[in-house]
Participant: 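This is the structure I want to talk about, given as structure tokens.
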Amino acid sequence: MKRLFQIFGGGLGWSLGGPIGALLGVAFGNMVHDLVHGDDVHRGQNTQGGSPSDFHISLLVLAARVIKADGKVQQSELDFVRQQFVGMFGKERANESFKVFKTIVNQPIPLTKVCAQINSFTTHATRLQLIHFLFKLGLADGHLHDQELAEIKRIARYLRINPYDFASIEAMFHKNQDADWAFKVLEVPNTATESEVKKAYRKMAMKFHPDRLVDAGAEAQAAAKESFLNVQKAYEHICKQKGWN
């Protein structure tokens with residue numbers, strides 16, 4: 001158990017006082033009391049940009065909420081979560097994180113309170129990446145169920161993600177189902193002019209650029225690279241489709 005505290009580090013400081021702390025408290029058991037009153041928690045975190053632990057913990061809690069949305073937890077979804085954690089955090093840290101995740105999955109999660117807490121300690125760019133991850137999680141079994149989509153929409157609303165950004169992220173996963181996916185990614189109509197598309201591309205590239213997540217840690221930056229590449233692909237797709245150089 002001590003290893004879990006070392007992995008999450010000082011980022012636990014902000015979460016232990018709120019609803020996320022209550023969820024983690026069950027996972028950590030009686031050891032939480034010792035942590036709160038010990039020297040491991042470093043209070044006074046940067047509340048503007050967040051920290052790597054903020055992103056990490058937010059992923060654990062929100063993923064647990066989505067994975068239960070359709071009323072059952074599929075092994076494919078659990079495997080996906082573990083795989084993603086390994087890619088983001090490394091095998092050792094991922095294994096410990098997954099232990100916490102499986103405990104959180106079995107608990108009721110007060111979504112509005114959890115999201116309000118996440119809003120207080122993360123940037124908009126970080127929250128966009130959380131939504132991107134949740135879409136990937138929902139599609140882990142090959143199909144995004146209506147209940148899962150509704151839950152991700154609900155989370156996005158509570159995380160103050162506007163409908164246009166939500167639709168942009170959703171379109172990144174519909175390349176084969178929606179002929180206008182690229183336009184939706186760039187948040188422009190399919191009648192947009194070349195100059196309008198270029199302007200939209202620059203705006204969206206900046207919005208999803210990994211450099212905006214420096215304070216959120218390497219894991220968040222790595223997650224942002226996929227979104228950023230999807231924006232580039234959308235722009236290239238439109239240019240090819242329209243015959244623009």
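None of the values given here were measured: they were computed from a predicted structure. Heads up: numbering here begins at 1 and tracks the sequence.
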Participant: For Asp79 and Gln83, does a side-chain donor sit closer than 3.5 Å to a side-chain acceptor?
Facilitator: no

Participant: Do Asn162 side-chain atoms and Asp165 backbone N/O form a donor-acceptor pair below 3.5 Å?
Facilitator: yes

Participant: Should Trp244 and Val188 be regarded as members of a common hydrophobic cluster, given that ILVMFWY residues are connected when their side-chain heavy atoms come within less than 4.5 Å of each other, either directly or indirectly?
Facilitator: yes

Participant: Are Glu236 and Lys240 ion-paired here, with the side-chain N under 4.0 Å from a carboxylate O?
Facilitator: no

Participant: For Lys184, enumerate each residue passing the side chain to side chain donor-acceptor pair (under 3.5 Å) test, keeping only those at least two apart in sequence or located in another chain.
Facilitator: Asp178

Participant: Would you say NZ of Lys242 has more than 12 non-hydrogen atoms from neighbouring residues, nucleotides or ligands within 6.0 angstrom?
Facilitator: yes

Participant: Could you work out, with salt bridge (charged side-chain N to carboxylate O under 4.0 Å, His left out) as the rule, every residue matching Arg65, not counting sequence neighbours?
Facilitator: Glu151

Participant: So which atom in Pro19 and which in Gln117 form the shortest heavy-atom distance, rounded to 0.1 Å?
Facilitator: CD-OE1, 3.0 Å

Participant: Side chain of Asn230, backbone of Phe173: donor and acceptor closer than 3.5 Å?
Facilitator: no

Participant: Checking Val61 against Ile118 for the side chain to side chain contact (heavy atoms under 4.5 Å, CB included) test, could you report, in this order, the C-alpha distance in whole Å, the side-chain angles of both residues, the deciding distance, and whether it holds?
Facilitator: CA-CA 10 Å; Val61 177; Ile118 291 173; 5.6 Å; no

Participant: How about Lys207: does its NZ atom have over 12 heavy atoms from other parts shown lying under 6.0 Å from it?
Facilitator: yes

Participant: Looking at every non-hydrogen atom in both residues, tell me the closest pair between Phe98 and Leu78 and how far apart they are.
Facilitator: CE1-O, 3.4 Å

Participant: Salt bridge (charged side-chain N to carboxylate O under 4.0 Å, His left out) with Glu196: which residues, sequence neighbours excluded?
Facilitator: none

Participant: Determine whether Val105 and Val86 fall in the same hydrophobic cluster, where Ile, Leu, Val, Met, Phe, Trp and Tyr are linked whenever their side-chain heavy atoms lie under 4.5 Å apart.
Facilitator: no

Participant: Calculate, to the nearest 0.5 Å, the distance between atoms NZ and CD1 belonging to Lys68 and Ile104 respectively.
Facilitator: 9.5 Å

Participant: Going from CD on Glu226 to CD on Gln129, what distance comes out if it is rounded to the nearest 0.5 angstrom?
Facilitator: 9.0 Å

Participant: Which distance, rounded to the nearest 0.5 Å, do you find between the CZ of Phe55 and the OG1 of Thr122?
Facilitator: 10.0 Å

Participant: Looking at Pro210 and Ala224, what are the two nearest heavy atoms and their distance?
Facilitator: CA-CB, 3.8 Å

Participant: Say whether, by atom type as modelled, one donor and one acceptor occur between the side chain of Lys233 and the main chain of Met172 under 3.5 angstrom.
Facilitator: no

Participant: Roughly how far, to the nearest 0.5 Å, is the CG atom of Leu186 from the OH atom of Tyr201?
Facilitator: 9.0 Å

Participant: Could you pull out the closest heavy-atom pair between His174 and Trp181, with the gap in Å?
Facilitator: O-CB, 3.8 Å

Participant: More than 12 non-hydrogen atoms from neighbouring residues, nucleotides or ligands closer than 6.0 Å to CG on Asp146, yes or no?
Facilitator: no

